[in-house]
Amino acid sequence: MLSRQRNDPTFASIWDELQWRGLVHVSTDQDALAAALRAGPVTAYCGFDPTAPSLHLGHLTQLLVLRRLQLAGHRPLGLVGGSTGLIGDPRPTAERTLNSPETVASWVALLREQVERFLDFEGEAAARMVNNLDWTAPLSAIDFLRDIGKHYRVGTMLKKDAVAARLNSEAGISYTEFSYQILQGYDFLELYRQHGCTLQTGGSDQWGNLTSGIDLIRRVEGVAVHAIGTPLVTDSEGRKFSKSEGTAVWLDPGQTSPYAFYQFWLNSADADVVSRLKVFTFLSRAEIEELERATVERPGAREAQRRLALEVTATVHGDEAAEAARDASVALFGGGDLAALDEATLGSALAELPSTEGAPEDPVAGLLVATGLTSSLGESRRAIAQGGVYVNNERVPDQEARLGPLLHGRYAVLRRGKRTLAAVVAP
RNA sequence: GGCGGGUUACCCAAGCGGCCAAAGGGAUCUGACUGUAAAUCAGCUGGCUCUGCCUUCGGGGGUUCGAAUCCCUCACCCGCCA
């Protein structure tokens with residue numbers, strides 16, 4: 001995948017391209033930053049905290065920004081938050097529950113592998129991976145307070161969005177989380193010292209943490225460094241899709257299958273699809289503008305959504321998985337008669353879906369639970385009663401219904417609602 | 001450390017001895033319309049061996065025929081004072 005990615009050569013600079021793609025929501029002084037990027041290779045970093053065993057879509061934006069910078073000749077540093085993950089970035093709503101050091105360490109390892117897949121570790125602009133535990137763990141509490149804490153003004157720290165929100169809420173905030181911004185600021189300082197890093201990227205909700213490092217480096221080293229805050233990935237309603245909103249789309253294929261991942265993008269609203277193409281694909285401006293026209297002229301054809309789904313799935317899961325997800329989608333949503341599909345096509349399509357073993361006499365309600373389409377028998381019955389369950393595209397008539405005849409003697413396709421599918425396979 | 005307030009389902013939030021599996025709103029999910037879209041309208045949303053039973057209102061213990069509701073205790077959060 002990496003070898004096929006490229007920036008659009010029609011842009012005068014990477015800065016122009018990032019701007020066009022809508023990836024710069026906030027930044028430090030634009031002229032200075034653009035000039036720095038023009039002047040030669042810049043070392044840029046982005047941090048990923050282990051709050052779960054996988055990265056999700058919010059992180060993908062950052063990974064691709066680093067990759068775009070790398071393609072323009074700059075050097076990316078992928079940071080995993082071995083120490084910051086032990087502390088927890090304050091959320092605006094409530095205090096986090098601390099995870100055990102063992103858990104954090106295991107998640108760090110998983111995240112590191114995921115980040116590594118998006119960057120090139122060879123050549124002039126080779127990427128590097130770092131872990132902030134390496135420089136934070138040896139630091140004593142006294143060193144921390146004297147050497148770093150002295151540069152921070154509490155008044156400034158209190159003004160950071162997340163901190164201010166928490167202070168104004170009933171939840172309050174612990175000293176632990178309050179200190180987070182100092183740790184992240186110190187990361188930037190260390191990376192500046194160790195690797196000459198002068199640019200940090202992050203989501204715009206991280207702006208307070210980004211400026212924390214910028215201010216620290218100015219005070220300690222007298223140097224002006226930069227930051228880019230990318231827009232948060234939302235749908236056209238402004239809803240954030242990240243794990244905190246409960247609709248997580250994970251990069252780990254074990255948690256979100258390539259098929260489910262493909263389907264997520266395919267279901268993008270017209271109003272969102274162009275901005276998503278810009279942020280999440282390496283398609284050129286000309287290609288994206290063509291897809292934008294297609295969306296306006298033939299919205300029902302959903303050409304942009306199809307291309308988006310294929311491109312992003314390929315970027316994350318590889319060409320083969322992306323094509324399999326596309327082929328399965330075409331077969332299963334092809335417009336009707338599943339029985340008309342030949343066995344090989346059906347079998348490979350169903351292989352993309354969550355599945356369970358079952359026989360014709362098994363009750364549908366139980367199979368729904370077994371495939372994960374519902375989480376309890378009660379929910380299954382409710383779904384059936386609402387007319388929201390289908391077997392092989394036939395609506396299931398009553399709650400006691402059994403599976404019935406299998407396609408090719410082996411398969412059945414369970415559907416919940418319009419588009420959530422699962423497979424039943426004879427043992 | 002003292003005093004006061006608080007901890008309810010995915011989130012916000014009402015309830016303050018029985019009519020409470022717990023109002024209302026948000027969100028999810030389903031149906032209709034569609035393009036596997038959006039908007040709109042309607043409905044569902046603890047579990048089960050389902051005319052009943054079980055678990056749930058921060059944890060534990062108690063009072064009572066009966067507790068989310070009263071008492072004790074522990075934990076955590078907020079505010080004021082120190």
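Proteins get letters first, then strands, A, B, ... in listed order; numbering begins at 1 in each.
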Calculate the interatomic distance between [X] atom [atom1] and [N] atom [atom2]; express it in whole Å.
X        : N     : atom1 : atom2 : result
A:Leu291 : B:A37 : CG    : P     : 20 Å
A:Arg302 : B:U36 : CZ    : P     : 5 Å
A:Tyr175 : B:C77 : OH    : P     : 16 Å
A:Asn393 : B:U36 : CG    : P     : 12 Å
A:Arg307 : B:A37 : CZ    : C1'   : 20 Å
A:Asp327 : B:U36 : CG    : P     : 18 Å
A:Ile173 : B:C78 : CD1   : P     : 10 Å
A:Arg416 : B:U28 : CZ    : P     : 14 Å

Say you pick atom [atom1] in [N] and the same atom in [M]; how far apart are they, in whole Å?
N     : M     : atom1 : answer
B:C10 : B:G79 : C1'   : 29 Å
B:U28 : B:C41 : P     : 15 Å
B:U30 : B:C44 : P     : 16 Å
B:C33 : B:A38 : P     : 16 Å
B:A14 : B:C81 : P     : 26 Å
B:G52 : B:G58 : C1'   : 31 Å
B:C57 : B:C70 : P     : 15 Å
B:G31 : B:C77 : C1'   : 42 Å

So [X], base contact, sugar-phosphate only, or nothing? Heavy-atom distance under 4.0 Å.
X        : answer
A:Gln263 : base
A:Arg395 : sugar-phosphate
A:Leu421 : nothing
A:Gly300 : base

_CZ-OG1 distance between A:Phe48 and A:Thr84, expressed to the nearest 0.5 angstrom_ =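 These two atoms lie 11.5 Å from each other.
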*Rounded to the nearest 0.5 Å, how far does CZ of A:Arg68 lie from OG1 of A:Thr201?*
12.0 Å
*asked:* Can you list everything that forms a side-chain hydrogen bond (donor to acceptor under 3.5 Å, both in side chains) with A:Arg117? Sequence neighbours excluded, please.
replied: none
Nucleotide nearest [X] when distance is taken to its side chain, options [options]:
X        : options             : result
A:Asp270 : B:U36, B:C44, B:G35 : B:G35
A:Arg382 : B:U36, B:U45, B:G35 : B:U45
A:Glu379 : B:U36, B:G47, B:A38 : B:G47

So, does [X] get its side chain near the phosphate of [N], meaning an N or O under 4.0 Å from OP1 or OP2?
X        : N     : value
A:Tyr390 : B:U36 : no
A:Ser376 : B:G46 : no
A:Lys418 : B:A37 : yes

*Taking it one step at a time, do A:Glu311 and A:Arg306 satisfy salt bridge (Lys or Arg N to Asp or Glu O under 4.0 Å)?*
CA-CA 9 Å; A:Glu311 289 290 328; A:Arg306 279 184 233 281; over 6 Å; no
_Closest-nucleotide 5' rank along RNA chain B - winner of A:Asn267 and A:Ser375_ = A:Asn267
*Whichever of A:Arg419 and A:Ala383 has its nearest RNA chain B nucleotide further upstream toward 5'*: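 Checking each residue's closest nucleotide, the 5'-ward one belongs to A:Ala383.
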*Any chance you could list the contact pattern along nucleotides 49-54 of chain B? Use B for base contacts, S for sugar-phosphate-only contacts and - for none, protein heavy atoms under 4.0 Å, 5' to 3'.*
SB----
*Indicate for each nucleotide in nucleotides 1-12 of chain B, in 5' to 3' sequence, whether protein heavy atoms under 4.0 Å reach the base (B), only the sugar-phosphate (S), or nothing (-).*
------------
[N] - base-pair partner by Watson-Crick or wobble geometry, distances under 3.5 Å:
N     : value
B:A37 : none
B:C76 : B:G6
B:U69 : none
B:A42 : B:U30
B:C19 : none

Do [X] and [Y] have a side chain donor and acceptor closer than 3.5 Å?
X        : Y        : result
A:Thr295 : A:Glu303 : no
A:Glu394 : A:Tyr390 : no
A:Asp187 : A:Trp135 : yes
A:Gln200 : A:Gln184 : yes
A:Ser174 : A:Glu95  : yes

*asked:* So for atom CD, which belongs to A:Glu297, do other residues, nucleotides or ligands contribute more than 12 heavy atoms lying within a distance under 6.0 Å?
replied: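 Above 12, so yes.
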_Walk me through whether A:Glu177 and A:Arg166 qualify under salt bridge (Lys or Arg N to Asp or Glu O under 4.0 Å)._
CA-CA 10 Å; A:Glu177 290 194 1; A:Arg166 287 278 292 280; 2.9 Å; yes
*asked:* Counting distance alone, no hydrogens or angles: does the base of B:G31 have a donor or acceptor under 3.5 Å from a partner atom on the side chain of A:Gln386?
replied: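 It does not, because no donor-acceptor pair links the side chain of A:Gln386 to the base of B:G31 below 3.5 Å.
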*Write down the atom of A:Val369, the atom of A:Leu377, and the distance for their closest heavy-atom approach.*
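The pair with the smallest heavy-atom distance is CG2-N, 3.7 Å.
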